[in-house]
Amino acid sequence: MPKALYIAEKPSVAQEFAKALKINGQKRDGCLESENAVVTWCVGHLVTMSYPEKYDMKYKRWSLDTLPFLPEEFKYEVIPAVSKQFQIVKGLLNRPDIDTIYVCTDSGREGEYIYRLVAQMAGVKGKEQKRVWIDSQTEEEILRGIREAKDISAYDNLAASAYLRAKEDYLMGINFSRVLSLRYGNSVSGYLGTKYQAISVGRVMTCVLGMVVRREREIRAFVKTPFYRVLSSVMLEGESFEGEWRAVEGSRYFQSPALYKENGFKKKEKAQELITYLREETPLTCCVEKVERKKENKNPPLLFNLAELQNVCSRLFKISPDETLRVVQELYEKKLVTYPRTDARVLSTAVAKEIYKNISGLRSYPPVADAAAQVLEEGTYKGIAKTRYVNDKQITDHYAIIPTGQGIRALSGLPVTSQRVYETIVRRFLCIFYPPAVYQKISLVTKIREEAFFSSFRVLLSEGYLKIAVNSFSDKKPEDAGGSRDESGEVSCDQALLNALQKLKKKDVLPVADLVIKEGETSPPKRYNSGSMILAMENAGQLIEDEELRAQIKGSGIGTSATRAEILKKLFHIKYLSLNKKTQIITPTLLGEMIFDVVNCSIRQLLNPELTASWEKGLTYVAEGTITEQEYMDKLERFVRVRTEQVEASNFQPVLRQYFDAAAQYYKKPAARSAAGKAPAGKGGK
């Protein structure tokens, strides 16, 4: 009797498929088998690309004579540590009684690549192969995925982009790491006094290194500039409020060179001069020039994708992006949340139709049980498909990370941080079924003589979604929730002052209690933390905190949701970057800065976020079928060949010493220089 074979990416996932399929059959070595089905698994990657020496032993020794290395056909091999499981899987894939293979690896580019390599090495032929594509590991979703599985050929373009991504990282890593090590490794090791120094570069990681080094150098070059603001203290019905002077049109200082910006002076004497002039008005009063009152709605934020979740977890819990990914992956495998490696921050229309199921399950989750019940009772979920939180066009592989409403019993057995990450995901999800928060905004312009002072106030009238946005373990107030600080200069005010402000009319005259000078100074750029770096990578090197703007350039990122955390982790591991685990602040090391200088002189394009993002975009075009695999490969080989040959012909050693000296002054003095050894062989980085 013919059987179906289900192949998962991990043993734990295989167990979930076996449960869903009610396979209670015999447990064999490396698989589970019943009368009509077999479930097996990979252990992550079973197959990898071969080192250059497998093509020819001459490539084992690093030499300019063997570069660029651009094989016509790529070689692959089974990873020795997992060869036993590969042999089991290979045997099952080719077993005569297996007629249909269900590919159940993770639903994404990397999962596709894992299976395709195994099938390629196993020589699978003459079998029906179907791709299971799921968004969570609930029994219902697994069975739907199997029921709706498409022929694997429907994913050929995705597989092509996966192969190309690996070839790109491999070719750039090997060629650029080798050529830079051979030309400039001695310069680096000689300066640091180390035996040898391989220079590890890659398409994505070198770009990230560049972002951190540039930011650090901007901070060093920054010169604080003091400025002086003039503030008024205005009395109103026993209350007081502040006004900020600005040199708008009509002011005696309008467009004056004495200004730092329109709201401050470069020198304190000028600020004092203004106060002296204004005090000539006796008694000291101001006239209300303009009053604006309006209500403003603040909508719930979009749902979490992986980058946004990593950013929030870095800020709230001080955990690194790879730790966040580990936590949310565990939540996914416990059926608590949907697929984590997603770039989307919205839901699909299909999911929106049945979203009540997710909400219903949350009634058994104590921190939000009442809120979930209220959403169901009031039916606020029914119109969600017509909101900005549902958009099929913004989804490529998977929709946003949301709770499944299932698996809640497993939560108590997880670490506290995992429980808190889950609550954060749940609350972000439930927020979208609540109304906006409503604020009363009041803006005032008062004048003393011809000089204008500006005041702005914001008062929370209706909590809306903020009511459930704050985590149970947080000490924040509801109005502080939502993930962003008010940077508009608006201040909160109490009810008494609000009532008084509501009565104000144009031309009202108010007493001014005092005029004061407030000194400030310009701030340097902020260093990246692990969360803001993930966001910057998602947005092609731009740290865009506004979610509307982020949505506009979606798909232009450096790396992918699945790889960004690992790339950062590698940069820390090879000591190019340093991570403060308490604050999650990222800084370069001296070695990292020196590698930056080497690359900046020789292959500057690797440091360009826009160019790096364009390579990622190209892979997306291959996955979509917009460009062919061959077109992409031709462009890649040309880029690698030209840049490798340019480095071979270069000679930047004399100037590099100056750059190294410039960076070294900010670090402990390097050891005395010593002779550099031979660079080691190996593959390049991502």
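Nothing here was measured: the structure is a model prediction, and the numbers come from that model. Hydrogens, waters and symmetry mates are skipped; everything else that's a heavy atom, side chains included, is used.
- Here the side chain of E16 pairs no donor or acceptor atom with the backbone of T138 at under 3.5 angstrom.
- The main-chain N or O of L376 is never found under 3.5 Å from a side-chain atom of T380 such that the two would form a donor-acceptor pair.
- Here the two rings, on F473 and F317, have centers that are under 6.0 Å apart.
- With S314 contributing its side chain and G531 its backbone, the two residues share a donor-acceptor pair below 3.5 Å.
- Here the side chain of E9 pairs no donor or acceptor atom with the backbone of T105 at under 3.5 angstrom.
- Taken from CD1 in I432 to CG in L303, the straight-line distance is 4.5 Å, to the nearest 0.5 Å.
- Taking OG1 from T40 and CD from E33, the interatomic distance works out to 10.5 Å, rounded to the nearest 0.5 Å.
- We find the CD-CD1 distance between E616 and I558 to be 9.5 Å, quoted to the nearest 0.5 Å.
- Rounding to the nearest 0.5 angstrom, the gap separating the CZ atom in R203 from the CG atom in D169 is 4.5 Å.
- With T338 contributing its side chain and I402 its backbone, the two residues share a donor-acceptor pair below 3.5 Å.
- No donor-acceptor distance shorter than 3.5 angstrom exists from the side chain of S418 to the backbone of V327, with no hydrogens or angles considered.
- A donor-acceptor pair under 3.5 Å is absent between the side-chain atoms of S474 and the main chain of N471, judged by distance alone.
- Taking a cutoff of 4.0 Å between a charged side-chain nitrogen and a carboxylate oxygen, R144 and E140 do not qualify as a salt bridge.
- For the pair R165 and E110, the salt-bridge criterion is met [side-chain N within less than 4.0 Å of a carboxylate O].
- Taken from CG in D135 to OG in S348, the straight-line distance is 7.0 Å, to the nearest 0.5 Å.
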